[in-house]
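Here the structure is laid out as structure tokens; the discussion comes afterwards.
Letters A, B, ... mirror the listed sequences (proteins, then strands); counts begin at 1. Because only heavy atoms are used, hydrogens play no part in the values below, and waters and symmetry mates are left out as well, while side chains stay in.
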Amino acid sequence: TTRTPEFLGLEQNGNLFPQSDKEGDVIIGVLDTGVWPESKSFDDTGMGPVPSAWNGACETGTNFTASACNKKLIGARFFAKGYEATLGPIDESKENRSPRDDDGHGTHTSTTTGGSVVAGANLFGYATGSARGMAPRARVAVYKVCWVGGCFSSDILSAMDKAVSDNVNVLSLSLGGGTADYYRDSVAIGAYAAMEKGIFVSCSAGNAGPTSFSLSNVSPWITTVGAGTLDRDFPAYVNLGNGKNYSGVSLYRGPTLPDKMLPIVYAGNASNSTSGALCMPGTLIPEKVKGKLVLCDRGVNARVQKGSVVKEAGGAGMVLTNTAANGEELVADAHLLPATTVGQKAGDEIRKYVISDPNPTATIDFEGTKLGIQPSPVVASFSSRGPNTITPEILKPDVLAPGVNILAGWTGAVGPTGLADDTRRVGFNIISGTSMSCPHVSGLAALLKAAHPEWSPAAIKSALMTTSYTSYKNGKVLQDLATGNPSTPFDHGAGHVDPVSAVNPGLIYDITADDYFDFLCALNYTASQIQLVTKRNTTCDPKKTYSLGNLNYPSFAVVVPSDSTGKSGGTTVVKHTRTLTNVGSASSTYKVSTFSDSKTVQISVVPNTLTFSQVNEKKTYTVTFAVGSMPMNSNVFGRIEWSDGKFMVGSSVAVSW
Amino acid sequence: ADNKKTYIIHMSKHHMPTSYSDHTQWYDTSLKSVSDSAEMIYTYHNVIHGFSTRLTDQEAQQLESLPGILSVLPELRYELH
């Protein structure tokens, strides 16, 4: 990717990971749509021999031979039997029955995790820079499990089964299903087994935001990644005949609009369809749009398809406007005609002008790439939100990472829009989604694994979470693009990742497979459900008291019981315990600070000082949440921070009624 | 067309009868006891113990009642984010 390494501080701290030669031993497995091995991001110049632990393969299939792999792309497998059992044999006229990426998504995510450095990368001149993965010296192995018709769990499970025996160190899955309980969710089950083998698993949180309770992949042994923006934008202004102008974004590159104001028409008034405003295929009346700019509403069909529809109908250009569902979020697209996307407020203004003015005119000014955009990061509107529908006592998402307008490698099979009529071919593309933020974290996890080979997946996750930031340098809380207001831990989790701090977090919250087993007991899982997830034939100890709040999670989610549990007077008391492991300097003393957004929630910690005398020493503390009454569905947020003056070990807190 | 669906069959590895020397053989015999024609799509050894196959609803229910079968889970479709 370009820009995210600088944005994350990786460029400025090149020597950050002293054992960076160990980075070459870390293997990242990516389950996705496969890979375009000719991408420059898989150049293996200067890379040492493939790690001896590697047990994978480079499978041969249609248009893909074992020679496609090298010392960067060390593995490539494809899994189609489940897909074909349901949908019939793969149509080889449409997609390759091999690891070859026919879509682009898999090349984008895999190069984001561990792509080699490629100077002068760009998309039509946009986002130019030296593209590099988060862990540019790590190895990449791809497992193609997604096909034109979707990603089937029997294939995904087989890929995870193989990735574990291939000995990957990190697994990256930018995909999700509905919110099935852990014991019914193949990704959750596969991830548990991977975690037991010391494999870090990160998954996309989903793009169903800003609706609450919209998360995917919420298992506590998975790192669930939301999407934030970068300090980079691609402005394209709409200038109206009434002298007003509005900012939008676009990645259009091609013949410019005539240097004059053009008539502009609202698609809803240039169509015979009741949903004409959406610019769906076949709905625009050519006579009404020919040579004009067309104002289209977002929704239903793909944004880039709307542009293609306008172009086909003879339109000169498109202004695409967000609706309430996307608010002010500006996702840039490589449209096939001069086009820009504007936020909902601007869109409403433009629509009002176009409908009311007798001769509405407009034009679009394309400004290219702009850096230093503030505030950044902000939470992307589409980023799925908590609370956690399956276990509200586990705060999700875990972290935010860059996921808006991300440039990374692309397939040579389709153009940047993915549309059939897009005959352009590019080496890099700019796309958005939690699919893009997840591989950022996967790559960062690989960096941490290289720096700390002994760390468990939970330790890596803890380091990423407790060093994440939830506010800008000016002290303001990260903004939520969907509302323009400060975001909450249900939006940003522990905050936005800060890998420079994560490599040296001071203290970590570690969690073992046994701890997760106890967590499942606290969920009152049956022996069979527990065996489905853990493959263990053991049962919960009837003499033991299990509590969800005692899973050693690096953040806190308190669910206030609606009955009288723990109530004394009008106050409910909830206690959670946590154990911190010292991974910083041998002797250190940490003091706790607690913050709550409301007097209704009092947070106290005993002991309030932790003194360590050696590395890997563990100390336990108890948090008491004294909670007053609030209406159902209320939330109060806060933080618990331990600091020794050098390290800051921060945890988000969410209390829900 | 064949009113079959894909299922992921989770087996309780510890319940393999001693008469079998190999899990896959046990899986196959279990499967053949409910369907002559069903084939295993995949067998899994690391992340779960079991296999995937296509069955009618009735065959799935019969299979679930056999000893050593932990669960017969319908396949789910995931999507890219």
> Between Tyr192(A) and Asp185(A), does any side-chain donor sit less than 3.5 Å from a side-chain acceptor?
Replying inline: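 On atom types as modelled, these side chains do not qualify, holding no pair under 3.5 Å.
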If I measure from the heavy atoms of chain B, does [X] come under 4.5 Å with its side chain, its backbone, both, or neither?
{"X": "Tyr183(A)", "result": "backbone"}
{"X": "Ile156(A)", "result": "side chain"}
{"X": "Ser216(A)", "result": "side chain"}
{"X": "Ala80(A)", "result": "backbone"}
{"X": "Val533(A)", "result": "neither"}

Top contributor to chain B contacts, counting heavy-atom pairs under 4.5 Å, from [options]:
{"options": "Ser437(A), Ser186(A), Gly106(A)", "answer": "Ser186(A)"}
{"options": "Asp32(A), Asp103(A), Asp155(A)", "answer": "Asp155(A)"}
{"options": "Ser153(A), Gly177(A), Ala193(A), Ser435(A)", "answer": "Ser153(A)"}
{"options": "Ala208(A), Cys146(A), Gly176(A)", "answer": "Gly176(A)"}
{"options": "Ala180(A), Ser158(A), Ser174(A)", "answer": "Ser158(A)"}
{"options": "Ala163(A), Gly403(A), Gly206(A)", "answer": "Gly206(A)"}

> Roughly how far, to the nearest 0.5 Å, is OH of Tyr78(B) from CG of Leu175(A)?
Replying inline: 8.5 Å
> Do the ring planes of His23(B) and His49(B) sit parallel (below 30°), tilted (30 to 60°) or perpendicular (above 60°)?
Replying inline: parallel
Using a 3.5 Å distance criterion without hydrogens, assess whether the side chain of [X] forms a donor-acceptor pair with backbone atoms of [Y].
{"X": "Lys13(B)", "Y": "Asn537(A)", "result": "no"}
{"X": "Trp147(A)", "Y": "Phe79(A)", "result": "yes"}
{"X": "Asp166(A)", "Y": "Val168(A)", "result": "no"}
{"X": "Glu84(A)", "Y": "Ile90(A)", "result": "yes"}

> Is Cys203(A) close enough to Cys438(A) that their SG atoms are under 2.5 Å apart?
Replying inline: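 A disulfide is absent here, as the SG pair of Cys203(A) and Cys438(A) is separated by 2.5 Å or more.
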>> Tell me if the centroids of the rings in Trp221(A) and Phe200(A) come within less than 6.0 Å of each other.
In response: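 No: the rings miss the under 6.0 Å criterion.
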>> Looking only at heavy atoms and a cut-off of under 4.5 Å, which of Thr53(B), Leu80(B), Ile41(B) has the most pairs with chain A?
In response: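 The option with the most such pairs is Leu80(B).
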>> What part of Ile48(B) gets within 4.5 angstrom of chain A, counting heavy atoms only: side chain, backbone, both, or neither?
In response: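 Both backbone and side chain of Ile48(B) come within 4.5 Å of chain A.
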